[in-house]
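Reading through the structure tokens given below for one structure.
Note that these values count all heavy atoms, side chains included, but never hydrogens, waters or copies made by symmetry.
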Amino acid sequence: MTMTEIEVRPRRPREHEVRLPVGHLDLDGRLHRTALLRKMTGHEEALLADRKLRANGGKMVTELLNGCVRGVGEISQVNRSVIGALTSPDRNFLLLELRKLTFGTELEAHYTCPSCRETTVVLEDLDTFPVRRSDGLGIPEIVVELEDGFEDRAKDAWYDMLRFRLPIGADEERVSLIARDNAAKGTNALLARCLVSVSGDGEEMPDNRREALGTKILSDLTMSDRGRIERAFRDEMPGVDLSREFDCGTCGRPMRTSLDLTSFFTPS
């Protein structure tokens, strides 16, 4: 083998630039829409095996991305603060891209049927999951008009409009333990952290009142209004659409489920 042959041999790529669905808004108001990822190494394998980290999914994702994200837009010094400030849609997208970069696009996914509780195994192609991107003009918000509304009896007030910011990594870390013990309470805690305004009849609930009520606002809503919030986030939030619809391989009943992010880093 000649020296020329050695010099021109292509190297296997270890890094990959991706375009984020939302982007990171820094303190100067600049929106960074790209991220540079490197492949996972033995350092990340050790993180995935850490029992303390596995107890908090939000922290696990932060530590994993903190090691593998080499840059966000013009930000070359990425740290946990930057990763924690990324929106959940961007973090999920980066997890998907990191899995593809490290292990390839094929993933053996396991879905549990809600009817018969049997497991259906599907060989997924991660390139087929669609990505919805924001318009690039800023970080979008989710506005939900309620049908039944929220009654603040102590203040004799009624509200039917909720405005949410997108959840970020720091939110995931704070509510992860709550969600592990009770999924509904975890959802309420996450939504309460993201709720930025409550209004009705032209009046807006004071911020201190909204913060004092916290999760009670979400807990007191009717199931139909909670469904409106769920649909608004599902239909309007940018990011990777991880939903899947197919018939159960055992009982044949239709299933609507989502790809489990925790299985991303087990090679097929």
Side-chain angles (χ1 to χ4, degrees), residues 12-103 126 131-134 136-141 164-180 186 189-196 237-240 242 261-266:
R12 180 173 295 179
R14 294 171 64 92
E15 295 183 346
H16 179 58
E17 185 176 80
V18 296
R19 183 168 178 80
L20 299 171
V22 180
H24 173 63
L25 192 65
D26 65 23
L27 296 177
D28 296 324
R30 297 175 299 176
L31 186 65
H32 303 270
R33 293 300 302 270
T34 62
L36 185 65
L37 281 173
R38 70 156 171 81
K39 287 186 176 182
M40 292 171 58
T41 66
H43 297 290
E44 285 67 53
E45 185 179 22
L47 288 176
L48 293 170
D50 189 307
R51 290 185 178 181
K52 290 183 178 179
L53 280 179
R54 291 174 68 89
N56 187 313
K59 287 186 178 181
M60 171 67 79
V61 172
T62 296
E63 291 298 322
L64 190 62
L65 294 180
N66 184 54
C68 294
V69 176
R70 306 301 294 270
V72 176
E74 299 177 10
I75 304 173
S76 58
Q77 299 297 319
V78 175
N79 53 35
R80 291 175 181 81
S81 178
V82 173
I83 298 300
L86 292 177
T87 64
S88 295
D90 280 349
R91 285 161 60 96
N92 287 343
F93 172 78
L94 287 171
L95 287 179
L96 179 73
E97 292 299 314
L98 181 58
R99 204 285 175 188
K100 289 161 57 177
L101 178 64
T102 304
F103 296 123
L126 298 180
V131 179
R132 180 190 297 124
R133 301 182 186 277
S134 64
L137 301 178
I139 308 298
E141 295 182 327
F164 299 89
R165 62 170 173 80
L166 298 185
I168 61 174
D171 299 319
E172 296 176 8
E173 294 183 28
R174 289 293 298 273
V175 307
S176 183
L177 295 180
I178 301 173
R180 187 183 64 176
L190 182 64
L191 290 176
R193 288 180 61 86
C194 298
L195 186 60
V196 294
M237 189 165 68
V240 184
L242 297 173
L261 295 179
T262 61
S263 66
F264 268 22
F265 303 105
T266 302

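- Note that CE of Met60 and CG of Asp50 are 6.5 Å apart. Values are rounded to the nearest 0.5 Å.
- For the side chain to side chain donor-acceptor pair (under 3.5 Å) with Thr62, the lone residue among Arg91, Glu172, Arg80 that qualifies is Arg91.
- Across every non-hydrogen atom of Asp90 and His24, the tightest pair is OD2-N, 4.5 Å.
- Applying the salt bridge (charged side-chain N to carboxylate O under 4.0 Å, His left out) rule to Glu141 yields the partners Arg163; only residues at least two apart in sequence or on another chain are considered.
- The CG atom of Leu190 sits 10.0 Å away from atom CD1 of Ile178, with the distance rounded to the nearest 0.5 Å.
- The environment of Arg54 atom CZ is sparse: at most 12 non-hydrogen atoms of other residues, nucleotides or ligands sit within 6.0 angstrom.
- With sequence neighbours left out, Ile139 forms a side-chain contact (heavy atoms from CB on, under 4.5 Å) with Val22, Leu25, Leu31, Thr87, Leu166.
- Nearest approach of Pro21 to Pro238, heavy atoms of both residues: O-CB, 4.3 Å.
- Residue Arg133 places its CZ atom among more than 12 non-hydrogen atoms of other residues, nucleotides or ligands, all under 6.0 Å distant.
- The CG atom of Leu36 sits 13.0 Å away from atom CD1 of Ile75, with the distance rounded to the nearest 0.5 Å.
- Leu177 approaches Ala55 most closely through the heavy-atom pair CD2-O, 3.1 Å.
- Qualifying salt bridge (charged side-chain N to carboxylate O under 4.0 Å, His left out) partners for Glu45, counting only residues two or more places apart in sequence or in other chains: none.
- Here the CG atom belonging to Leu98 is positioned 5.5 Å from the CE atom belonging to Met40, to the nearest 0.5 angstrom.
- Shown here are the side-chain contact (heavy atoms from CB on, under 4.5 Å) partners of Ala170, two or more places apart in sequence or in another chain: Ile168.
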Between Asn92 and Val61, is the side chain to side chain contact (heavy atoms under 4.5 Å, CB included) condition met? List the steps. CA-CA 9 Å; Asn92 287 343; Val61 172; over 6 Å; no
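- Using a 4.5 Å cut-off on side-chain heavy atoms (C-beta onward), Leu86 and Leu94 make contact.
- Under the 3.5 Å distance criterion, the side-chain polar atoms of Ser134 are left unmatched by any main-chain donor or acceptor of Pro140.
- Checked by atom type, the side-chain pair Glu44/Thr41 shows a donor-acceptor distance below 3.5 Å.
- Taken from SG in Cys68 to CD in Glu15, the straight-line distance is 10.5 Å, to the nearest 0.5 Å.
- Taking both residues in full, the closest heavy atoms of Cys194 and Pro167 are given as SG-CA, 3.5 Å, listed atom of the first, atom of the second, then distance.
- Counting only distance, with no hydrogens or angles, the side chain of Asn79 and the backbone of Ser81 share a donor-acceptor pair below 3.5 Å.
- One finds the CZ atom of Arg132 at 8.5 Å from the CE atom of Met237 (value rounded to the nearest 0.5 Å).
- Residues Val78 and Asn66 share a closest heavy-atom pair of O-OD1, 3.9 Å.
- Lys59 meets the salt bridge (charged side-chain N to carboxylate O under 4.0 Å, His left out) test with no other residue; sequence neighbours excluded.
- Residue Glu173 comes nearest to Asn56 through the heavy atom pair O-ND2, 3.1 Å, listed as atom of the first residue, atom of the second, then distance.
- At least one donor-acceptor pair under 3.5 Å links the side chain of Arg33 to the backbone N or O of Leu20.
- Side chains of Asp26 and His32: a donor-acceptor N/O pair is present below 3.5 angstrom, by distance only.
- A search for salt bridge (charged side-chain N to carboxylate O under 4.0 Å, His left out) contacts involving Arg193 returns Asp171, not counting sequence neighbours.
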